[in-house]
Number of protein chains: 2
Amino acid sequence: MSSARSSAGDPARTLALLWRDHAVVPRRGPSRGLSLDAVVAAAVEIADKDGLDAVTMRQLARKLDVAAMTLYTYVPGKAELLDLMLDAAYAAMPRTATAGQPWRKRLIAVADENRAMYRAHPWASTVSTIRPPLGPGQMAKYEHELSALDNLGLTDIDMDDCLTYLLTFVQACARAETSVRDIQRESGMNDEQWWAAAGPLLSRVMDEKKYPLATRVGTAAGTAHGSAHNADHAYQFGLQRVLDALSLLIDKASRRQSPAV
Amino acid sequence: MSSARSSAGDPARTLALLWRDHAVVPRRGPSRGLSLDAVVAAAVEIADKDGLDAVTMRQLARKLDVAAMTLYTYVPGKAELLDLMLDAAYAAMPRTATAGQPWRKRLIAVADENRAMYRAHPWASTVSTIRPPLGPGQMAKYEHELSALDNLGLTDIDMDDCLTYLLTFVQACARAETSVRDIQRESGMNDEQWWAAAGPLLSRVMDEKKYPLATRVGTAAGTAHGSAHNADHAYQFGLQRVLDALSLLIDKASRRQSPAV
DNA sequence: CCGTACATCGTACATCGTACATCGTACTGT
DNA sequence: ACAGTACGATGTACGATGTACGATGTACGG
């Protein structure tokens, strides 16, 4: 996989699994030792703790005290498993009731809920959901989030665009955070240590006269980034920018809908 | 790898390669059949055509008519190769001279240059550059892009933040485009076909009364997205939003610097 | 009470990155 | 001119990965 992707398996089979559409319940043979939910939950647990790469069929099987191939009686393959993991994560999200509040507050709640989900499941931020997992979790999430944009005078397509714009931003932030965490774990260095190691080497090998701005700004940014809470800062800062941008669309639409407001 | 990452190898070794710091030129043994540049160029070619996953040591070796292990005399490993590929892509970017133009035009040029680079090298959009490849290409790119934000009254850290904000947006757009392309190639279906396959299945399995907004908006967005140029649209639309957001910072800073403007 | 449907699982295969040992080449010191 | 050696190239091998295949055992329906 270039990057992990949702909905990479057979649509029919995947949808049946996501909606737990056990069309035919087996009537013969030994009873099952596990359940689909148990398999998915175990996979999510591994991914939460050790990252998506740690979710291998053998690892997962070991955790469930079962042979690797046994998993294939619960799930057609790894692609479908990923869809089930994502949809389960979506299904478990809290959905704050914000009806009656101004749209800005409602959208901030949506963003924060997503951020919390990515904090709990960092691996989810690395999955491309261009083709989303079409399960009950995703549907409930989508329904809830759209309600924050309903009755503002936006067209259906505008609603979807605005939501996508917001969620893309939150996912990009989460992805950056996840990346920092993963690379730190794999390299055994945090960013500060890495800069401390690479910085001197770099200035010995590059001609600082040739890149004056890069040297000056890079040094300033490097030391600032090494210091602290820049992920939080980037999120708060960026979210305000995103909401400002959306307000241009939303306020115009609202005015058109109800000129008094 | 959870996702591909730059600067995942040993910093010292990587920097020496990136800056072609051949400290000791070998004086003995057979002459080399290839060059570092040839190896990197071949890797980029494969990645451009068939995606980053297709860049395996064996594939690359086959393309260069050499045994797989031979590559390890040119490059310490795959992690370093990725850094070299990225830095080469950066180095090859055109850098439009926009001195004297208003900052908005300059930033649009920066964004467009990056977009063009990602179009030429879609795999580059999938690489996390939280720790950037500290090579001459990256430096030249950074120097050039910072110059578009220089003399606007911004602090060094603001300059870096603004640039990062812009480039993150462009990369997110490119990543989406790449994802669409990759998933289409792998699944053998374009998005329209996929929706056509999954849509009916979904509506049979889900209770549309339970998700009224999702059904209504999802259908509208689904058909609209199936139609056409939404990647371009998302880029143009989003870029304007990003620039609007940045103008709040920049105009304020400029006014502080030169109240007349 | 047997046939059969089904869960389980051991083995095997192709793929990956790369460690290691070997081989042959071409320069260096005499 | 020749030996010693540094170094490029490469064949083989190892431990991962996802999963196809076939054997084994279980429990229900006739």
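Letters A, B, ... mirror the listed sequences (proteins, then strands); counts begin at 1.
- For C:dA7, the OP1/OP2 oxygens have no side-chain nitrogen or oxygen of A:Thr70 closer than 4.0 Å.
- Look at C:dG17: its Watson-Crick or wobble partner, with both distances under 3.5 angstrom, is D:dC14.
- Atom pair A:Leu64:CG and C:dC9:P shows a separation of 11 Å (rounding to whole Å applied).
- Atom pair B:Leu71:CG and D:dG11:P shows a separation of 13 Å (rounding to whole Å applied).
- Look at B:Glu45 and B:Lys63 and you find a salt bridge, because one of the NZ, NE, NH1 or NH2 atoms lies within 4.0 Å of a carboxylate O, short of that distance.
- Closest to the side chain of B:Met69, out of C:dC9, D:dG11, D:dG18, is D:dG11.
- With respect to the salt-bridge test (charged N to carboxylate O, under 4.0 angstrom), the residues B:Glu145 and B:Arg95 do not qualify.
- In this structure, C:dC2 and D:dG29 make a Watson-Crick or G-U wobble pair, each of the two defining distances being under 3.5 angstrom.
- Aromatic ring orientation, B:Trp19 versus A:Tyr211: perpendicular (interplanar angle above 60°, classes split at 30° and 60°).
- In this structure, CG of B:Leu60 is placed 14 Å from C1' of C:dT18, rounded to the nearest angstrom.
- Considering all non-hydrogen atoms of both residues, A:Val127 and A:Ser6 come closest at CG1-N, 3.7 Å.
- For B:Arg181 and B:Glu186, the salt-bridge test fails: no basic side-chain N is under 4.0 Å from an acidic carboxylate O.
- If you check D:dG18, C:dA7, D:dT10 against the side chain of A:Thr73, the one that comes closest is C:dA7.
- Remark: P of D:dC7 and CZ of B:Arg28 are 7 Å apart, rounded to the nearest angstrom.
- As a whole-Å value, the separation of B:Gln59 CD from C:dT15 P is 10 Å.
- As a whole-Å value, the separation of A:Asp53 CG from C:dC16 P is 17 Å.
- Residue B:Met57 contributes atom CE, which lies 17 Å from atom C1' of D:dC14 at whole-angstrom precision.
- With the nearest nucleotide of DNA chain C identified for both B:Pro76 and A:Arg32, A:Arg32 has the one nearer the 5' end.
- In this structure, OH of A:Tyr72 is placed 18 Å from P of C:dT11, rounded to the nearest angstrom.
- Nucleotides of DNA chain C nearest to B:Val55 and A:Tyr74 differ in position, and the one nearer the 5' end is that of A:Tyr74.
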